[in-house]
Amino acid sequence: MLKYIAVSIIGLGQIGGSLGLALKSKSLKGRYHITGIERKKDALNTALKIKAVDDASSSLQSAKNADIVVICTPVDTIASIYKELVKIVRQSAIITDTGSVKYQIEKEIIAFAKNRNYASFVGSHPVAGKEKNGILSADAKMFKDAKVIITTLSKKVEKKEMVVVRMWKDTGADVVAMSAKKHDELVALTSHVPHVIAFLLNKIYQKTNKKNPQIGMLTAGSFKGITRVAVSSVDMWAPIFVTNSKNVGRYLTELIGELVLFKKNLRDKQKIKKEILNTQK
């Protein structure tokens with residue numbers, strides 16, 4: 001009988017909880033043993049209750065025998081947690097993460113681990129999630145058919161990296177290799193800027209609602225769709241914007257330019273039609 005793969009998940013929010021549920025699915029037949037590590041007792045208790053983890057702990061020491069450690073915490077904590085973990089885990093362990101910013105994290109970890117025999121780090125980002133927060137929004141099918149970006153794959157795939165690739169594939173995900181720098185450039189437009197727009201539109205809505213409460217009757221599919229993620233966790237998103245500020249700022253500058261031009265043409269139907277058609281090419 002094959003030995004199970006010991007996975008420690010640090011941070012039992014939506015993504016960490018979903019990963020635990022996915023790896024504990026019946027189809028995997030006990031391939032993984034999951035230890036959940038989280039400071040919040042309620043999250044630990046819930047993780048045990050919904051069977052997202054086999055064991056629960058509030059201490060990083062509980063990861064000492066892990067084959068894979070997955071850091072599912074805000075992006076500004078990932079590098080520091082890695083630095084603590086390498087004092088605890090076996091050298092053969094693989095440490096990975098789920099952060100939606102990769103370059104700065106990878107850069108800091110590489111500099112820290114240079115010329116040291118520490119556990120390897122493989123950056124990963126599951127492009128998945130819901131607007132709700134916390135482990136109660138965890139879903140065993142969260143990663144099914146979703147893309148997971150692996151950003152530290154060598155030209156020749158190493159065994160250590162394949163362990164992480166296999167784990168994500170076992171969740172039903174499609175794994176794609178990409179450089180950390182390119183990932184951060186692209187995800188700024190596809191994820192980070194849309195969240196900025198959602199937050200700011202919702203801010204304007206809240207201000208308007210105080211003066212005109214009837215606005216609530218006029219919020220249908222388009223507004224709800226574009227502001228769906230406006231309730232996302234501030235503890236998660238503030239660090240993302242700061243860590244990827246260069247790329248986010250560049251796209252915001254481009255967007256502001258487009259908004260200024262659109263506003264300038266608002267009284268000219270033909271120009272506005274042209275602007276709209278240009279977005280549909």
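Position 1 is the first residue of the sequence; numbering continues from there.
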* Is the closest side-chain heavy-atom distance between D139 and L21 below 4.5 Å? -> no
* Structure fact -> Interatomic distance, OG@S57 vs CD1@I37, rounded to 0.5 Å, equals 5.5 Å
* Before giving the answer on side-chain contact (heavy atoms from CB on, under 4.5 Å), spell out for I81 and V69 the whole-Å C-alpha distance, their side-chain angles and the decisive distance to 0.1 Å. => CA-CA 11 Å; I81 291 175; V69 183; over 6 Å; no
* **Closest approach of G134 to S137 (non-hydrogen atoms, all atoms of both residues)** => O-OG, 2.7 Å
* Is there a side-chain contact between Y82 and I78 (heavy atoms, below 4.5 Å)? -> no
* OG1/T46 to NZ/K40 distance, rounded to the nearest 0.5 angstrom? -> 11.0 Å
* At their closest point, which heavy atom of L28 faces which heavy atom of A22, and how far apart are they? -> CD1-O, 3.5 Å
* Structure fact -> Closest heavy-atom pair, H125 versus G99, reported as atoms and distance to 0.1 Å, is CB-O, 3.3 Å
* So do L255 and I197 actually touch side chain to side chain, heavy atoms under 4.5 Å? -> yes
* To do: Say whether T35 and S62, considering side chains only, have a donor N or O and an acceptor N or O under 3.5 Å apart.
  => no
* Asked: S100 versus M236: any side-chain heavy-atom pair under 4.5 Å?
  -> no
* For residues I276 and K273, determine if any side-chain heavy atom of one lies less than 4.5 Å from a side-chain heavy atom of the other. => no
* Can we say K83 and E108 salt-bridge, meaning some charged N sits less than 4.0 Å from an Asp/Glu carboxylate O? -> yes
* Would you mind reporting whether V229 and F199 have side-chain heavy atoms less than 4.5 Å apart? => no
* Look up atom CG in L19 and atom OG1 in T98, then write down how far apart they are to the nearest 0.5 Å. => 8.0 Å
* Structure fact -> T77 and S80 have their tightest heavy-atom pair at O-OG, 2.9 Å
* Between atom OG of S18 and atom CG of L12, what is the distance when rounded to the nearest 0.5 Å? -> 10.5 Å
* Asked: Would you call D54 and K24 a side-chain contact if the rule is heavy atoms closer than 4.5 Å?
  -> yes
* Asked: Say you draw a straight line from OG1 of T171 to CG of D145; how long is it, rounded to the nearest 0.5 Å?
  -> 10.0 Å
* Heavy-atom closest contact (A180 atom, E106 atom, distance) -> CB-OE1, 3.6 Å
* Does D184 pair with K246 as a salt bridge, N-O distance under 4.0 Å? -> no
* **Interatomic distance, D67 atom CG to Y32 atom OH [nearest 0.5 angstrom]** => 10.0 Å
* To do: Compare all side-chain heavy atoms of N244 with those of E185 and state whether any distance is below 4.5 angstrom.
  => no
